[in-house]
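The next block holds one structure in the form of structure tokens; read it before the comments.
Protein chains get the first letters and strands the later ones, always in sequence-line order, with residue 1 at the start of each. Worth knowing before you read on, the calculation uses all heavy atoms, side chains too, and leaves out hydrogens, waters and symmetry mates.
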Amino acid sequence: MRHLAWQSVLALVLCLAGAAMLPLADAVSALPFTVGQTAAVELLLLASVFVSVSGINPLGGAIFLFLAVHIAAFTLVGGIAGNEGGARLSFFLLLAAAWLLAWRLNVLISGLKAGSRGARNFQRLIVPTLFGVWILILWEGITRGAGVPFVLLPPPTSIAVRFANSLPILGADLVQTVFKAVVAGYVIGCGAGFIVAILADRVPFLRKGMLPIGNVVSALPIIGIAPIMVMWFGFDWPSKAAVVVVMTFFPMLVNTVAGLAASGHMERDLMRTYASNYWQTLFKLRLPAAAPFIFNALKINSTLALIGAIVAEFFGTPIVGMGFRISTEVGRMNIDMVWAEIAVAAIAGSIFYGVVALVERAVTFWHPSVRGG
Amino acid sequence: MNVSAAAASANDVGRGAATMSSGQTVVSARGLSLVFDTNDGPVNALADIDLDVGKGEFVSFIGPSGCGKTTFLRVIADLEKPTAGTISVNGMTPQQAREKRAYGYVFQAAGLFPWRTIERNVTLPLEIMGYSRAERAERLHRTLELVNLTGFEKKFPWQLSGGMQQRASIARALAFDADLLLMDEPFGALDEIVRDHLNSQLLELWARTTKTICFVTHSIPEAVYLSTKIVVMSPRPGRVTDVIQSTLPKERPLDIRETPEFLEIAHRVRDGLRAGHSYED
Ligand SMILES: Nc1ncnc2c1ncn2[C@@H]1O[C@H](COP(=O)(O)OP(=O)(O)OP(=O)(O)O)[C@@H](O)[C@H]1O
Ligand SMILES: [Mg+2]
């Protein structure tokens, strides 16, 4: 039984329309697509359409589709380099057809029945990877094909080239901003928030005075204190760490206090029947029950800390740091360098968040939200 | 008026029972009252309770919802403070008794900690009370055997059925040497068959040890089957309306519940419950 997926049908229509409106591009400087390249793209896409609707051998079909679609896409995107702004409608129609077929490919892969555990993991990984890769392919194809001005949005390949050529600078910025300011500020801010939360739990006066302030302050745009911190702690990373401390302190405080109140009455009564003292109840009942709240704060703070450190550097730093680089390179119109820094920030932020989330899963394995899924 | 008379006679019976067993009184309440201050005005949860529980007795508390059964157990456990009257536990104030770890309390819900395995839930009180590692292991083994949970040491509570969780919470209350066991509807959420099984296991346990048990239930057959003494309560304000001394032998097979003697006691309990209700109107 074969059924016609709408992606395949639409891809076929786009292929034919694209073929009717050839050539793919006007020559701007370099040689645009040769006849052979154009024919190869058309043929690969048409063959992919055929394979995707024929339903022969799901695994083999998926592999063929994968190769054909991506060779076609790379030929398209590669050929337009040097002819920025020269693409004609035909180019975009074929790019869209390739994208639809890749979508179809993803559907096919999701539908494959993976036998082994490794195959299942591979399957789980390849679908989002293809999704991400296609965002880059479309970004590349559209910026180059339509000739989007470089300062508005550089194509990903230029960013990648700049990234690869600036590794020492990017590395130094990463060390300055993440490994000094963010890590120090995050550890001190979260640690202080946690300790003050426990103090506030013991001392009612602190709880009554501190919590309303904490709730208000954690909603304020604290980043505004960055210039003041520069005056207090100097230009180097300690002033950035101080901003991060202030930014992460209150979410941790508020969440930990809420978490300490999260254990049930019955569980607390139970500890009372054992004549358990304050610290025993704290460590054996209340802190474990508060763990989901505390990890929530740790995750929020991992994002806040990175934002805080980068933005704080806009207000004066020595000549190194991710925020410093972004603000100066934007002034020099080196937008690809700005994007390279953004890529570093995205990677560092994802790893940071991912590590915290992994530790959370390990520690709060018992929580319904974790053990359920 | 007949109520205070019943309570007074209850006292006599209670003392008689206490003398009968070993002469020691474990719980003794005199004129005990408790008023909760709520936003909608005061709630009389307990009013003028006189009651003695002798050592080795199995006392059931039965009565309609809201009559103060849980509250009375919580007063014994020093989880609530009475507003009038006196109560002593093992001859001490409830607070001293609690600090001496004189009782184990089984709550209406299992209340196991989801981050601890069954093993570590059961040994939780032992950890807090500073038992050695070897002693913890030995007691864990013994109490899990008692409630038929051997082999489930490494499971987490959420991997067990409700009945198994409840048994684990009983094991937890039995793990340390408290002579007094306070149980608040421990089998309330369980099906009839599991309940029968746990009832006979509990009786067996009680017969083997010298524990005193205060047991809250909504079920008349359960109360009659288990108890040496049944305390019937009525609501608003919570009072003791009748105290029935069981005449059943200590050895109780499950089918004792069809004997005339059993049915007669059950009948008296039902009458007591009805009287409590009509008093309210
Ligand atoms: N913490 C509290 N604050 C205010 N009122 C309470 C509190 N605890 C119990 N009460 C009230 O005291 C009365 C007795 O409650 P209790 O829980 O002892 O009843 P119960 O006999 O155990 O009922 P059930 O069989 O439903 O468990 C009820 O009217 C209840 O509303
Ligand atoms: Mg109750």
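Using a distance-only test at 3.5 Å, with no hydrogens or angles considered, a donor-acceptor pair links the side chain of B:K69 to the main chain of B:P64. No side-chain donor-acceptor contact under 3.5 Å links B:R136 to the backbone of B:L126.
Among the candidates A:L285, A:T281, A:V363, the residue making the largest number of heavy-atom pairs closer than 4.5 Å to chain B is A:L285. With chain A as the partner, the residue from B:Y105, B:W115, B:F156 showing the most heavy-atom pairs under 4.5 Å is B:W115.
A distance of 8.0 Å separates CG in B:N90 from CD in B:Q24, rounded to the nearest 0.5 Å.
A cation-pi contact links A:R202 to A:Y278, judged by a cut-off of 6.0 Å to the six-membered ring centre and 45° from its axis.
Both the backbone and the side chain of B:A109 come within less than 4.5 Å of a heavy atom in chain A. With a 4.5 angstrom heavy-atom cutoff, A:A289 touches chain B via backbone and side-chain atoms both.
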